[in-house]
Amino acid sequence: MKAILGIESLGTDGLRRLLDRAGWYAGALAAGERLHPTLAGTVVGTLFFEPSTRTRISFEVAARRLGADVASFDPDQSSMSKGETLQDTVLTVSAIGMDVLVVRHGEAGVPERIHRWTGRPVINAGDGTGEHPTQALADCLTLTRRFGAIAGLRVAIVGDVIHSRVAGSLLLALPALGAEVVLVGPGTLLPESRFRSTDDLDSVLDEVDVVYLLRIQRERGAEGGSGYEEMFRLDEPRAARMRPEAVVMHPGPINRGVEIGSGVADGARSLILTQVANGVPARMAALEQVLGVLP
Ligand code: CP
């Protein structure tokens, strides 16, 4: 497969294969094992047209862990400021000699266009309100390592679901792997979907294994509306009503005091930094997949 643009095209078997490899890498990294440089001699280009902390850095670490070189494109310091178009820019970067392009862009569909224009392997690192498949992969890896399996888990996805590309990918990946999903938020922030939905967070807290929080995507014009924090923020009194073994997840960046209280973000139920750490093995597997070296 020459591109990872979304979850659906992976298929359930493909998703499981990526998770197996990512899980193997997670174990190897934790054990400090020396890794075979499966990407030696390749160049991974990271093209982030929107800000990122964890996705960009974890892709770059993942590439280097496997022996690849990394070329990092910064649009603000590029010749786009002199009028070069997006298409000419990516064709130029590609001509320098990239083996794979990792692309983030504010508009859904741009990674697919770049794949078409360049003929290069492309990984979607988040496209507008479209998808963020490697975040979903990191999250599924996190759940698998925590619970042993995803099948049978009940997951509440809470907040600005409609604008979230992470939700776009999770709503494909989690059911494919056998989880049950409930969407929680104000009606204005929930998509029309086949999933059960509610605006009453308190009503689902004691029935789910995972509360997966999302920030309000203000950069995409989203607003929570009055009383949002009171209704949807997961703070310590609310988290205390969760099942004893239930966990809290968030793809980051978190907005403390808005969708999550600090006591919860930093508390024992929180897997937020585990999700970040698992981004590296997940992206190692994704890079291997598009470069044709996934075993
Ligand atoms: N979760 C996520 O995509 O975070 P960044 O924007 O920091 O990459």
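Because the structure is predicted, anything quoted here is derived from the model rather than measured. Counting convention: from 1, in listed order, for ligands and their atoms alike.
The shortest N or O to N or O distance between Pro253 and ligand 1 is not under 3.5 Å.
Shown here for Asn124 and Glu131, the closest heavy-atom pair between the two residues is ND2-O, 3.3 Å. Here the closest heavy-atom approach between residue Met98 and residue Val93 is recorded as CG-O, 3.6 Å.
Interface atoms of ligand 1 facing His132, defined by a heavy-atom separation under 4.0 Å, are 2 (C), 3 (O). The distance from ligand 1 to the heavy atoms of Thr55 drops below 4.0 Å at these ligand atoms: 2 (C), 3 (O), 4 (O), 5 (P), 8 (O). The ligand atoms of ligand 1 that sit less than 4.0 angstrom from a heavy atom of Thr53 are 5 (P), 7 (O), 8 (O). Residue Gly252 approaches ligand 1 through these ligand atoms, each under 4.0 Å from one of its heavy atoms: 1 (N), 2 (C), 4 (O).
A 4.5 Å side-chain heavy-atom check between Glu107 and Arg113 finds at least one atom pair inside the cut-off.
Counting protein heavy atoms only, atom 5 (P) of ligand 1 is closest to Arg54 NE, 3.5 Å. The protein atom (non-hydrogen) at minimum distance from atom 1 (N) of ligand 1 is Pro251 O, 2.9 Å. Protein heavy atom nearest atom 6 (O) of ligand 1, with residue, atom name and distance: Arg104 NH1, 2.8 Å.
Side-chain atoms of His115 come within 3.5 Å of backbone atoms of Arg120 as a donor-acceptor pair (strictly under, hydrogens ignored). For Ser270 (side chain) and Asp266 (main-chain N/O), no donor-acceptor pair under 3.5 Å exists by modelled atom type.
With Phe48 as the aromatic partner, Arg104 does not meet the cation-pi criteria of under 6.0 angstrom to the ring centre and within 45 degrees of the ring axis.
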